[in-house]
A.B. asks: 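Shown below is the structure under consideration.
Counting starts at 1 for both ligands and their atoms, following the listed order.
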Amino acid sequence: MPELKIRIDIVCVVPQVLESVVSTSILKRAQDKGLVEIHLHNLHDYASDAFRHIDDTPYGGGAGMVIQCEPVFACIERLQSERHYDEVIFLTPDGEVLHQSICNELSMRSNLILLCGHYKGIDQRIRESLVTREISIGDYVLTGGEFAAGVLTDAIVRLVPGVVGDAESVLEDSFMHGLLDAPLYTKPAVFRDLHVPDVLLSGNHAKIAAWRKDMATERTQHRRPDILDKGDVE
Ligand code: ADE
């Protein structure tokens, strides 16, 4: 299996939120194996004043603070002077809503910058001059983009070949073929009076595959008919 390496630089206001996310479990193992590099950058380190201010009040008035151009340009331009980045992604609730197909596409890139907002938002000039793509993880508003960057990083990294031991399991995930996953069972075959469906114990692989397809279709019809309507089912 070809081993792709991906580097993700996360530029944010509160890197502490992400420290444990990137240094435990599968994300840690992926980095230990040399398949992925994840770097956290604290925007306060790029502030130009002694108080490490990175935000100010919005021109024209209104509530909330706005992240200023200076620290964001300083941080991202420094990174870009060191290597080429395929995308500079701003996590924002008004971005394109994240979907498995976007994760698949991004997992094939080499270098990504994820920029997290905080407070009220960021100066529009950053979006126009530096950002190449804007992504939302869903139609709700978080206090900052850090959690969204953690979600996106996890969803991308697990697709990098070699990160998840069982490559087939990644390919069979919910959404991969336009359907949700079929129900899963493991040992014991009977727990209290709850039985695993007979077909899964039959050893008949064709029957099992057909059962899984039926169950996945039924579950998708019931829970996410919008996915079936899109007609992406393979
Ligand atoms: N920042 C705040 N809310 C967000 C969301 N829903 N998606 C991405 N970034 C965000």
A.B. asks: Report each N/O pair between ligand 1 and the protein that falls under 3.5 Å, naming both atoms.
C.D. replies:
unit_1   : atom_1 : unit_2 : atom_2 : d
ligand 1 : 3 (N)  : Leu142 : N      : 3.0
ligand 1 : 6 (N)  : Gly138 : O      : 3.1
ligand 1 : 6 (N)  : Tyr140 : O      : 2.7
ligand 1 : 7 (N)  : Ile137 : N      : 3.0
ligand 1 : 9 (N)  : Thr92  : N      : 3.2

A.B. asks: Other than Leu184, what residues sit in its cluster of Ile, Leu, Val, Met, Phe, Trp and Tyr side chains whose heavy atoms are under 4.5 Å apart, directly or through others?
C.D. replies: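 Its cluster mates, by chain and number: none.
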A.B. asks: Assess, by modelled atom type and distance only, whether the side chains of Thr92 and Glu134 contain a donor and an acceptor separated by less than 3.5 Å.
C.D. replies: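 On atom types as modelled, these side chains do not qualify, holding no pair under 3.5 Å.
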A.B. asks: Checking one residue: Trp211. Which other hydrophobic residues are in its cluster under the side-chain 4.5 Å linking rule?
C.D. replies: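 Reading the cluster by chain and number, Trp211 sits alongside Tyr185, Val196, Val199, Leu200, Leu201, Ile208, Met215.
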A.B. asks: Verify the distance criterion only: is there a donor paired with an acceptor across the side chains of Asn111 and His84 at less than 3.5 Å?
C.D. replies: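 Their side chains do not contain a donor-acceptor pair, so the 3.5 Å distance test is not met.
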A.B. asks: Answer yes if the side chains of Tyr85 and Arg109 hold a donor-acceptor pair under 3.5 Å, and no otherwise.
C.D. replies: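 Judged by distance alone, the side chains do not pair up.
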A.B. asks: Please name all residues satisfying salt bridge (charged side-chain N to carboxylate O under 4.0 Å, His left out) with Arg29, sequence neighbours left out, ordered by chain then number.
C.D. replies: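 Counting only residues at least two positions away or on another chain, Arg29 forms no salt bridge (charged side-chain N to carboxylate O under 4.0 Å, His left out).
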